[in-house]
Structures are given as structure tokens and as C-alpha cells.
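Following: one structure in C-alpha cells, then a few remarks.
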Number of protein chains: 2
Amino acid sequence: MLEFAILGLLHQSPMHGYELRKQLAQVLGGLRSISYGSLYPALKRLHAAGYVTTDEPDPRAPLPADAPPLTGRRGKVVYTITAEGKERFHELVGQAGPETYDDDGLFGVRLAFFRHTAADVRLRILEGRRRTVERQREGLRASLSRTRERLDRYTLELQRHGLESVDREVRWLAELIDRELTDGQGRRDDGATPGDPPAQAPPGP
Amino acid sequence: MLEFAILGLLHQSPMHGYELRKQLAQVLGGLRSISYGSLYPALKRLHAAGYVTTDEPDPRAPLPADAPPLTGRRGKVVYTITAEGKERFHELVGQAGPETYDDDGLFGVRLAFFRHTAADVRLRILEGRRRTVERQREGLRASLSRTRERLDRYTLELQRHGLESVDREVRWLAELIDRELTDGQGRRDDGATPGDPPAQAPPGP
DNA sequence: CTGCCGATGTATCGTCTCGATACATCGATC
DNA sequence: GATCGATGTATCGAGACGATACATCGGCAG
């Protein structure tokens with residue numbers, strides 16, 4: 001999930017880790033921000049995989065005993081996406097399987113980068129997500145009606161509120177899908193495959 | 001969080017790990033169930049701390065080469081809360097600081113065990129939670145009005161939906177608080193401190 | 001009667017994420 | 001000129017998760 005989000009942000013412009021984190025928090029909707037303990041290891045993995053490059057390549061080793069209080073020499077590091085990274089991002093952005101909508105976090109990130117996503121993929125993700133959340137809702141409903149009697153007031157309230165939230169999400173998704181279909185031919189602004197023929201993608205009304 | 005939930009469940013009756021997991025999933029509201037990779041280590045920690053005991057104390061060592069296919073001899077393990085465990089639970093159930101409402105998961109568990117919680121503590125947790133979620137809401141609102149122009153349709157939708165959810169949670173909490181105040185003198189069914197004098201707890205209507 | 005399947009049940013492994021923390025630099029305000 | 005908050009990089013330990021292995025038991029299909 002982080003991999004996708006980082007590549008997506010760096011796809012727009014190179015950035016520091018710090019800036020990356022802020023943008024990430026904003027894209028993720030204010031709550032659910034990402035910690036450095038996740039971010040830097042993720043960047044390290046992306047670097048190792050060759051998807052991003054850094055400037056300031058490592059001026060840390062060649063100073064064994066300079067001056068005790070100023071050992072750091074910690075430079076700012078700008079991360080830039082590579083050609084392989086862009087390729088990887090386009091590969092990821094084309095996915096529309098269960099992995100893209102079964103996980104809350106990943107679905108959110110996918111949605112945040114929908115403008116880089118083809119219209120048919122967008123639709124499949126939204127519909128997959130709706131199915132997933134609908135299943136959750138039915139499970140919740142069943143469990144609630146099964147155990148309504150034996151639950152105390154507070155647990156009941158908790159479950160009622162949870163059920164309502166899930167229900168609201170289903171309706172929200174339905175509205176997004178509707179809009180997707182009504183607005184007709186969506187387009188990605190990706191720059192990749194610009195001469196896409198207008199056939200084959202939309203299933204029609 | 002798991003510590004609290006497990007002690008709370010075992011406080012009602014001894015259980016297998018498997019049963020514990022099912023009850024936990026139910027109490028947590030259907031979604032957000034707990035995995036074995038969390039449950040068993042947590043039980044191990046509780047056992048090490050002396051808060052729970054197990055039967056079947058370890059019949060695994062004394063069979064070095066019995067029969068290759070049936071080496072397991074894996075017995076069912078029933079976990080029972082100890083006196084120290086009950087004491088620990090009562091200690092935890094009395095807490096009402098930020099740690100009880102800043103984290104979604106722990107707040108949910110606390111709410112699920114509200115019937116073991118004193119009325120004044122219940123109120124403080126609910127009000128703390130409301131403050132926390134209200135702060136989230138204001139942050140979200142500010143961020144949204146600051147960046148509304150530069151966001152694309154989907155990110156905007158995501159944030160709008162997030163904001164609405166948070167807003168609904170605030171109203172839900174307000175309703176719970178209201179009911180808490182209206183219903184007047186709540187009581188814990190705890191069995192601890194049974195001779196509680198009726199003064200001092202409720203702030204009055 | 002037998003063989004298989006799904007529920008019950010215990011347990012660990014590698015991977016990831018988080019919160020806390022340390023360290024460092026810079027601009028502004030006092 | 002000193003302190004304070006924002007910017008910035010990085011690691012550590014605790015713990016949660018998904019996957020997986022292993023084991024037992026009841027039922028029911030062939």
C-alpha cells in the first residue's frame with residue numbers, strides 16, 4: 001500500500017521524506033497518517049528495488065572520529081522516481097483484483113490516485129469494493145439480529161453505529177458508481193498510451 | 001488493548017483460545033477481528049504476568065520418540081483468570097485518561113465492557129472521546145477548506161465522506177452522553193465495592 | 001464402514017507497522 | 001543571541017497480522 005502511494009506521489013514530483021509524509025496524510029484524508037517507522041523502511045525497500053533514487057548518496061561512512069558533538073552531517077535526501085518506478089506504478093495502477101478493494105487502506109489510496117486510473121479499472125474497483133462492504137454489512141446484520149437479545153445496551157449501540165457506518169459506505173459507493181456511469185467516458189491524464197481508441201472500455205448504460 | 005479485552009472476557013467465564021477469538025470478534029463489532037498471531041502471544045504474556053492460569057500444564061516434553069505420526073498430543077487449553085488478573089482488570093476498568101479514548105480500538109473495547117465500568121468513568125471516557133473526535137473533525141474541516149480547490153473529484157469525495165463519518169460519530173457520542181446523563185444513576189454490576197454510597201458520583205441533571 | 005470435509009483447536013513464522021525517541025538544521029520571534 | 005517550533009532523517013522495540021502447520025472430532029456420503 002505504501003509502495004503504491006509513495007510511487008504515486010513521487011510520480012508527480014521529487015520530494016523529501018518529510019514532505020512525502022505530509023502529502024500522504026493529506027491524501028489519506030487527515031486521519032490515518034503514516035509514521036516514519038513505516039515510511040523510511042518503505043523508501044529503503046523502494047530504493048533497493050530500483051524504483052527510486054536519492055541524491056546525497058552516503059557521506060556517512062568516511063568520518064570515523066571527527067568531532068564528537070558534530071558527527072551527524074545529516075543531509076537532506078530528495079527521492080526521485082526512476083523509469084522502473086514509473087513502470088511499476090503503471091503496472092500497479094492497472095490492477096483491479098480483490099487486493100485493491102478488500103483492504104481499507106489500499107482502497108483509499110487507490111481512490112486518491114483515481115485520476116491516474118483507467119475508467120474501466122475505476123469501475124471494477126468501485127464495484128468490487130461495494131461487494132466487499134455489502135458482504136460486511138450482511139454479516140453484521142446477521143450477527144446483530146442473532147445476538148440482539150443477549151447484548152447489553154452499550155455493545156448494542158456500538159454494533160448499531162458500526163452497521164450504520166457500513167450502510168452509509170455502501171450508499172456512498174453506489175453513488176460514486178452511478179456518477180462514474182453517468183459521466184460517461186472517463187479519461188486518465190497519465191501520459192501513457194495517449195492514443196487509446198475510444199472503443200471497448202465502457203460497458204454502456 | 002488485547003490485554004483488557006481478554007481479561008474482560010475471562011472475567012465472565014474460563015475459555016479456550018478459539019472461543020476467546022470468536023467472542024472477541026463479536027464484541028468488536030463483526031469487522032476488525034483478532035488474529036491468532038496476536039491472541040496467543042497475548043495469552044502467553046498474560047500467563048507470564050500471572051493474570052491467567054491454564055490447565056494442561058505441559059505434557060509435551062516427556063515423549064521423545066513415541067510414534068512418528070502421532071507426536072503432537074496437543075491438548076485443549078482452558079484459560080482461567082486469577083485473582084491478580086481480576087485485580088488488574090479492575091485497575092484497568094477504572095482508567096479514564098486519554099489512553100482510553102484516543103485509540104479507536106481500545107475505545108471500542110472499553111465501550112463493550114461499559115457494564116463493568118463505573119458511571120463517572122463512563123462519562124469521562126465518552127466526553128474524552130468526543131473531544132478527540134471533535135478535534136479530528138476540525139482538523140479535517142480546516143484541511144478540506146484549505147485544499148478544496150486543488151483536489152481532484154475523487155480525493156474530494158474521499159475527504160467529504162471521511163468528514164461526514166467523523167461528524168456522525170460526534171453526534172453519536174453526544175447522544176450516548178446525553179442518555180448517560182438522562183438515565184441518571186448508572187450502576188456497575190461488578191461485585192467490587194458493593195457498599196458504594198449513592199453520593200458523589202452523578203453530577204445531577 | 002470408511003473416507004473425507006468442515007468446525008474446533010493450538011501454535012509459530014516472517015513481515016510489516018506503529019509510537020517513541022534521538023539527533024540535527026533553520027527561520028522567526030523576543 | 002537565545003530559545004522555540006517547523007523541518008528533516010533515521011532507528012528501536014513492541015506488537016499485530018496473514019499465512020501456515022498440525023491435530024482432533026462429528027457427521028454424512030458413498
Side-chain angles (χ1 to χ4, degrees), chain A residues 1-6 14-25 28 31-49 52 54-61 63 66-79 98-99 102-106 109, chain B residues 1-6 14-25 28 31-49 52 54-61 63 66-79 98-99 102-106 109:
Chain A
M1 178 212 115
L2 259 190
E3 179 187 4
F4 182 88
I6 292 173
M15 251 178 268
H16 291 161
Y18 188 87
E19 177 72 11
L20 216 34
R21 184 178 184 255
K22 277 200 310 179
Q23 301 257 345
L24 226 41
L28 264 290
L31 21 96
R32 177 181 304 278
S33 90
I34 221 65
S35 75
Y36 293 125
S38 312
L39 179 61
Y40 284 109
L43 282 170
K44 202 172 289 185
R45 286 196 298 274
L46 290 174
H47 188 237
V52 304
T54 63
D55 60 355
E56 195 92 12
D58 252 73
R60 272 159 304 189
L63 39 148
D66 206 358
L70 347 147
T71 36
R73 226 357 233 96
R74 186 116 67 177
K76 304 188 178 186
V77 181
V78 176
Y79 296 88
E99 71 278 7
D102 279 353
D103 176 75
D104 290 30
L106 186 47
V109 176
Chain B
M1 178 211 112
L2 260 189
E3 180 187 2
F4 182 89
I6 291 173
M15 250 178 267
H16 292 163
Y18 188 88
E19 178 71 10
L20 215 35
R21 184 180 186 252
K22 277 199 310 179
Q23 301 257 345
L24 226 41
L28 264 292
L31 22 97
R32 177 182 306 277
S33 91
I34 221 64
S35 76
Y36 293 125
S38 313
L39 178 61
Y40 284 109
L43 282 170
K44 202 171 291 183
R45 286 195 298 276
L46 290 174
H47 187 238
V52 304
T54 65
D55 60 354
E56 195 89 14
D58 254 72
R60 270 159 304 192
L63 38 149
D66 206 357
L70 348 147
T71 36
R73 225 359 231 93
R74 186 117 64 177
K76 306 189 179 188
V77 181
V78 175
Y79 296 89
E99 71 279 5
D102 279 353
D103 177 76
D104 291 29
L106 186 47
V109 177

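The shown structure was predicted, so the numbers you read here are calculated from the model rather than taken from an experiment. Chain A is the first sequence line, chain B the second, and so forth, proteins listed ahead of strands; every chain is numbered from 1.
Atom OH in B:Y36 sits roughly 17 Å away from atom P in D:dA23 (whole-Å rounding). The distance from atom NZ of B:K76 to atom P of D:dC22 is 20 Å, rounded to the nearest whole Å. At whole-Å resolution of the value, CE in B:M15 and P in C:dT10 are 12 Å apart. The nearest whole Å value for the distance from the CE atom in B:M1 to the C1' atom in D:dA14 is 15 Å. The nearest whole Å value for the distance from the CG atom in B:L20 to the P atom in C:dT8 is 15 Å. Atom CG in A:L106 sits roughly 15 Å away from atom C1' in C:dC16 (whole-Å rounding). Here D:dG15 presents its C1' atom at 13 Å from CD1 of B:I6, a figure rounded to the nearest Å. D:dG15 atom P lies 14 Å from atom CG of B:D103, rounded to whole Å.
Between B:K22 and A:I34, the residue whose closest nucleotide on DNA chain C is further toward the 5' end is B:K22. Heavy-atom distances to DNA chain C give each of B:H16 and B:S38 a nearest nucleotide, and the one nearer the 5′ end belongs to B:H16.
Residues B:R45 and B:E3 form no side-chain contact, since every pair of their non-hydrogen atoms from C-beta on lies 4.5 Å or further apart. Using a 4.5 Å heavy-atom cutoff, the side chains of A:L20 and A:L43 are in contact.
A pairwise comparison of heavy atoms in B:V77 and B:T54 identifies CG1-CB, 3.6 Å as the closest pair. The two residues B:V109 and B:A5 have their closest heavy-atom pair at CG1-CB, 3.8 Å. The two residues B:H16 and B:Y79 come nearest to each other via the heavy atoms C-CD1, 4.4 Å.
Contacts between residues 39-46 of chain B and DNA chain C, defined by a heavy-atom separation under 4.0 Å, are made by B:Y40, B:K44.
If you check every strand for non-hydrogen atoms under 4.0 Å, B:G17 touches sugar and phosphate atoms only.
In the set D:dT9, D:dT7, C:dA11, the nucleotide with an atom closest to the side chain of B:Y79 is C:dA11.
The shortest distance between the side-chain N/O atoms of B:S35 and the OP1/OP2 oxygens of D:dA16 is not below 4.0 Å. Checking the phosphate oxygens (OP1, OP2) of C:dT8, a side-chain nitrogen or oxygen of B:Y18 falls inside 4.0 Å.
For the atom pair NZ of B:K22 and CE of B:M15, the computed distance is 10.5 Å after rounding to the nearest 0.5 Å. The distance from atom CD1 of B:I34 to atom CG of B:L24, rounded to the nearest 0.5 Å, is 6.0 Å.
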